[in-house]
Structures are given as C-alpha cells and as structure tokens.
Amino acid sequence: MTPNKPVKLNREFYTRNLLIVARELLGKIIVKRSGGKILSGKIVEVEAYHGDYDQASHAFRGKTKRNEVMFNEGGCLYVYFTYGAHFCANIVVGKKGKGIAVLIRAIEPVEGIDVMIKNRFGREIIQYKEKYSLTNGPGKLCQALGINTTHNGTDLTGNEIFILDQPKLKGKEIGVGKRIGITRSVDLQWRFFIKDNSFVSRK
DNA sequence: ATCAAGATTACCT
DNA sequence: GGTAATCTTGATA
C-alpha cells in the first residue's frame, strides 16, 4: 500500500453551506504553483461573508465590477485590493448567483518558506526568526503566496491554485469569534480559527 | 466630478 | 497602546 495522496477539494466541497465550508476549510492546505515552485500553507483562520443579510459583505449591495466573482459558483478565488496596499483572498462558496465567500485570514507555511520570505521582504533571509509574521494576516499571506488581482476568478479545481483535503478538525480544536476590521454586522460570530496556532492573526 | 471608507499593515511611543 | 500610509471603489455626504 502506498500512502494516500492528498486529494484536491472538488466542486461539491465548495458548493455547500457557507458556515460549514468555512469551518471545514480550517486545517486544509492551500497550494499555489508558480514558475515550477510550489508554495503552500495550512489554513488556520477564516471569516465568512454572506451576500444577503450580512451588511459587512462586499456582495450585500449587489453585483459590482469589483465583486462580480463572488457571484460565481463556489470553488473560485475572489481577490480584491484594499487600503491602497493589500490584497485579500477569498474562496467563493455556494451556488451561482449568491455572492458568498470565505476570507482566508491566516495560514501556516508548509512548503516554499524561502520564497515566501522573499515575496514578503524582497530579499532572502537566512535563519528567519519570526516565521509567524510571514502569513498571520489576510494581506500578509497574499503577499507571501504572490496572490494579486490577476488571480481574481481563478478556478480552484484547476492546477494553478487549489486546496488539498486534510482530516476534519474536532469541534474543540476550533475557536469562534466576531470578525475583524469591519463596522457593520459586527455581532455575527463568523470568524473561525485553530486554537493555539501561533499564525492566527489575533487572540 | 468628488469624496470618504476600507475584510490592513508597519512602525511609533 | 495608537496612527500614518496609500489608492481603488462605490456612493453621492
């Protein structure tokens, strides 16, 4: 018997209920291939955004040029630019036309850490100490993985960016809280993170 | 045409 | 702990 090869998450995974998909994304491995290099990391923190009754969602006021990818069928990447400096990556969830997505807030680097350091700081750093600051925030992980708006709409069932299945976490391993950095619908407890993981953006 | 806010980060005390 | 940086988007203050 050869060891089981990690399986790429398929369309059926993404087209289910928002909060179920958000929780189950924790622990999965996001992979980005670029120029023969593999960059990957374990998803350790996410937030859910719904288009209908969630005023914090970009999709709440309907489809615009920026957010149109959110209304695709689940299983593609929604990337936007914010604060004049940062990109944020979201996984579109649910059925076509809904406007539902999960923001990836933090990952723990797995493969290609040397490239991530170079992407973040513009140079190589030998014996880099504060590894957690590489990818412990939505803007940081996009910079580390080299994700920008050219990746907006990327199909996650393809070969450039995809997510590998991992064993489902136990309920007690998952922390829940309010979302960060928003001013509307602030009371929804739609932030999920892996407890005791040092790459989670905040306590 | 104009303007304020924004799913943030880095740097300061 | 606090805030400046920086620019695109979406609403029209």
Side-chain angles (χ1 to χ4, degrees), chain A residues 14 18-19 21-23 25-26 28 30 41 43-72 74 76-94 98-109 116-123 125 128-154 156 161 163 174-194 197-203:
Chain A
Y14 297 110
L18 168 63
L19 297 182
V21 175
R23 294 179 74 105
L25 279 170
L26 292 174
K28 306 284 192 268
I30 183 167
I43 298 172
V44 301
E45 181 183 0
V46 298
E47 284 176 0
Y49 288 87
H50 197 287
D52 291 340
Y53 47 90
D54 171 14
Q55 295 190 54
S57 171
H58 288 173
F60 181 68
R61 290 161 199 277
K63 194 187 286 190
T64 65
K65 188 173 181 183
R66 174 174 69 162
N67 70 18
E68 61 181 356
V69 167
M70 277 185 83
F71 293 84
N72 288 354
C76 68
L77 200 65
Y78 166 49
V79 184
Y80 64 88
F81 182 69
T82 190
Y83 288 104
H86 310 291
F87 299 102
C88 291
N90 301 252
I91 294 156
V92 176
V93 172
K98 296 303 241 182
I100 302 172
V102 174
L103 171 70
I104 307 177
R105 283 198 57 90
I107 66 174
E108 176 179 338
M116 293 189 202
I117 291 171
K118 206 168 177 182
N119 285 346
R120 287 269 289 129
F121 305 109
R123 61 197 171 91
I125 301 176
Y128 182 64
K129 297 207 165 37
E130 299 183 290
K131 277 214 200 72
Y132 62 88
S133 73
L134 269 182
T135 53
N136 63 343
K140 296 178 189 178
L141 73 90
C142 282
Q143 188 179 23
L145 295 177
I147 291 175
N148 55 58
T149 47
T150 67
H151 303 102
N152 189 34
T154 300
L156 297 174
I161 303 173
I163 300 177
I174 298 175
V176 181
K178 295 179 181 178
R179 296 174 296 179
I180 292 170
I182 56 169
T183 59
R184 294 178 285 194
S185 297
V186 292
D187 289 330
L188 293 173
Q189 306 268 313
W190 281 7
R191 171 171 173 256
F192 305 100
F193 54 95
I194 300 180
N197 185 291
S198 58
F199 288 84
V200 170
S201 66
R202 304 203 200 171
K203 192 77 180 4

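Nothing here was measured: the structure is a model prediction, and the numbers come from that model. Naming convention: chains lettered A, B, ... in sequence-line order (proteins, then strands); numbering from 1 in each chain.
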Please determine, for the side chain of [X], which listed nucleotide ([options]) has the closest atom?
{"X": "A/Arg120", "options": "C/dG10, B/dG6, B/dA10", "answer": "B/dA10"}
{"X": "A/Cys88", "options": "C/dA11, B/dG6, B/dT8", "answer": "B/dT8"}
{"X": "A/Lys140", "options": "B/dA10, C/dG10, B/dT8", "answer": "B/dA10"}
{"X": "A/Thr183", "options": "B/dT8, B/dG6, C/dA11", "answer": "B/dG6"}

Provide, to the nearest angstrom, the distance between the [atom1] atom belonging to [X] and the [atom2] atom belonging to [N].
{"X": "A/Lys63", "N": "C/dT9", "atom1": "NZ", "atom2": "P", "value": "17 Å"}
{"X": "A/Ile147", "N": "B/dT8", "atom1": "CD1", "atom2": "C1'", "value": "16 Å"}
{"X": "A/Gln143", "N": "B/dT9", "atom1": "CD", "atom2": "P", "value": "10 Å"}
{"X": "A/Met70", "N": "C/dG10", "atom1": "CE", "atom2": "P", "value": "12 Å"}
{"X": "A/His86", "N": "C/dT9", "atom1": "NE2", "atom2": "C1'", "value": "16 Å"}
{"X": "A/Arg66", "N": "B/dG6", "atom1": "CZ", "atom2": "P", "value": "11 Å"}
{"X": "A/Lys203", "N": "C/dG1", "atom1": "NZ", "atom2": "C1'", "value": "18 Å"}
{"X": "A/Asn152", "N": "C/dT8", "atom1": "CG", "atom2": "P", "value": "15 Å"}

| query | What does A/Arg105 touch in the nucleic acid at a heavy-atom separation under 4.0 angstrom: a base, only the sugar-phosphate, or nothing? | reply | sugar-phosphate
| said: Applying a 4.0 Å non-hydrogen cut-off, can you work out what A/Phe81 is touching in the nucleic acid: base, sugar-phosphate, or nothing? | reply: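 Sugar-phosphate only.
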| query | Does A/Phe199 have its ring centroid less than 6.0 Å away from the ring centroid of A/Tyr132? | reply | no
| field | B/dA5 - base-pair partner by Watson-Crick or wobble geometry, distances under 3.5 Å | value |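 In the structure as shown, B/dA5 has C/dT8 as its Watson-Crick or wobble partner.
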| request: Measure the acute angle between the ring planes of A/Tyr78 and A/His58, then classify it against the limits of 30° and 60° as parallel, tilted or perpendicular. | output: perpendicular
| task | Please state whether the rings of A/Phe81 and A/Phe87 are parallel, tilted or perpendicular, taking 30° and 60° as the class boundaries. | result | tilted
| note | Between A/Ser201 and A/Glu45, the two heavy atoms sitting closest are N-OE1, 2.6 Å
| query | Considering all heavy atoms of both residues, which atom of A/Ile100 and which atom of A/Gly51 are nearest to each other, and what is their separation? | reply | CG1-N, 4.3 Å
| said: Counting only side-chain nitrogens and oxygens, does A/Thr64 get under 4.0 Å of the OP1 or OP2 atom of C/dG10? | reply: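 Checking C/dG10 against A/Thr64, a side-chain N or O does come within under 4.0 Å of OP1 or OP2.
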